[in-house]
There are 2 protein chains.
Amino acid sequence: MALNNPTTQAAVTTADKVFEQMLHAIVDGTIKSGSKISEPELAKNYQISRSTLREALNRLEKCHLIERKANVGSRVVECSIAGLLEIYVVREALEGMACREAANNMTDEEINEMKAMLAQHASAKALQDGVSYYQEEGDLDFHYKVILGSHNQQLINILCGQLYHLVRMYRCQFGMNSPRATKAFDEHSRIIEAIADRDGELAEMLMRRHIAASRKNIEKKIAQQQ
Amino acid sequence: MALNNPTTQAAVTTADKVFEQMLHAIVDGTIKSGSKISEPELAKNYQISRSTLREALNRLEKCHLIERKANVGSRVVECSIAGLLEIYVVREALEGMACREAANNMTDEEINEMKAMLAQHASAKALQDGVSYYQEEGDLDFHYKVILGSHNQQLINILCGQLYHLVRMYRCQFGMNSPRATKAFDEHSRIIEAIADRDGELAEMLMRRHIAASRKNIEKKIAQQQ
DNA sequence: CCACCTAATATTGTCGACATTTTTTCTTAA
DNA sequence: TTAAGAAAAAATGTCGACAATATTAGGTGG
């Protein structure tokens, strides 16, 4: 994983380290979604001053993982179906565009790397021992590479720097490792083909359908639960 | 203006006020783009402590108006043609989707408000005394209302909370009040029609073309200057 | 004269204390 | 008993000082 994500690169400062710890804790639910954040309490837990903690909180706020109100305090963002669907709408728009731009701007080398990655996923899938790997890390890797391939810093920042963590949080907390592994793999293949053909229009359409399919899958799942 | 923008609502805290002052200063170029930010100097200028200033800087960073490096400091974001075009790509994707969602989710009342606003712009345009008004405030108002009409908090946050300020900065510093007033007005009309018809697909397509046209207009302008 | 290393300076990161605001608790009156 | 208001407690916002890091200035050797 890791790659170029600015939020996962070497943490040099204390606030960075605490930010990463809290990031994990929020993503995996150790710090419950919707809960209030007590600055004095957390500062004591992490054995740092409140100033440093607040610095970390600011980074979390940048990722939209916590929300602050003046003179009142911070809360971990609430996980809701509506919120999850909102994110999918944004992803459909942004990753679709990223895919179009990737088709235009990726280097041949980057495209070859993607093909190699897909081949690796294919063998892992065939072996049947990497299903969960493919579903989680593999899927994220794929989307990550496409986004970086857009070579558009704004797109990269918004998707990898902000939304990425929210997506992971929802995956963890709602426990939805989409059971679309095989289908998703085929869709990934076709997207890479379109990129390799430098067909931006098709690439965008396929990516949008790919993400929309995920969203509809979730909607169906939710409907069944009720 | 103002509306629901979280960054323009009543500033209660000192850091908020300083944030807004710096926001304006950066947008209009008083604080030059690309320049380094000296914390001790600015803290003295605004007569506040460094802690408070840093709080304001964090807000500016959330809007992508400044960039921070650990142990080195902050810089105002650099204005470049490439950067401007990147923003247009993101806007095309996000505002296009916002427009689709607006067609689905806007209340009839909101639609009527938009129609009223457009009529007002039309009369101002007819009188020929509000051309600049239409180009600046009016255009922003239109896009603002569409975005809010999506009823998607993520879209609203990203577009109105972050990109909005960057867009204004580029408009100010590059001095491009697009000379597309008449054309833009017609495009706005058609977009509202599509929204009123609840035709999300068409609404998205029209908004994307509208923004792409702006982008191409800028590209043409740049090409002429060289 | 230039490159490299070292010392001095300035800047950023972190800390603990105080000021202000909000929340809670307790009292009092209807 | 409940509601409203006042006092107490706790939380957030702001401040100035110290520590750690980066930048600059100066000196030495090639």
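To find a chain, count down the sequence lines: A is the first, B the second, and so on, and within it residues start at 1.
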*Take the protein atom CZ of Arg75(B) and the nucleotide atom C1' of dT12(C), then report the distance between them rounded to whole Å.*
15 Å

*State which residues pass side chain to side chain donor-acceptor pair (under 3.5 Å) with Arg198(B); sequence neighbours excluded, sorted by chain then number.*
Asp108(B)

*asked:* Can you tell whether the side chains of Glu113(B) and Lys145(B) come within less than 4.0 Å, N to carboxylate O?
replied: no

*Nearest-angstrom distance from the residue atom CG of Leu42(B) to P of dT11(C)*: 12 Å

*asked:* One character per nucleotide, please: for nucleotides 9-16 of chain D, 5' to 3', B when the base has a protein heavy atom closer than 4.0 Å, S when only the sugar-phosphate does, - otherwise.
replied: --SBBBBB

_Any salt bridge linking Glu55(A) with Arg68(B)? Criterion: basic side-chain nitrogen under 4.0 Å from a carboxylate oxygen._
yes

*Heavy atoms of other groups near Lys32(A) NZ, more than 12 under 6.0 Å*: no

*Hey, is the main chain of Ile81(B) close enough, under 3.5 Å, to the side chain of Tyr170(B) for a donor-acceptor pair?*
no

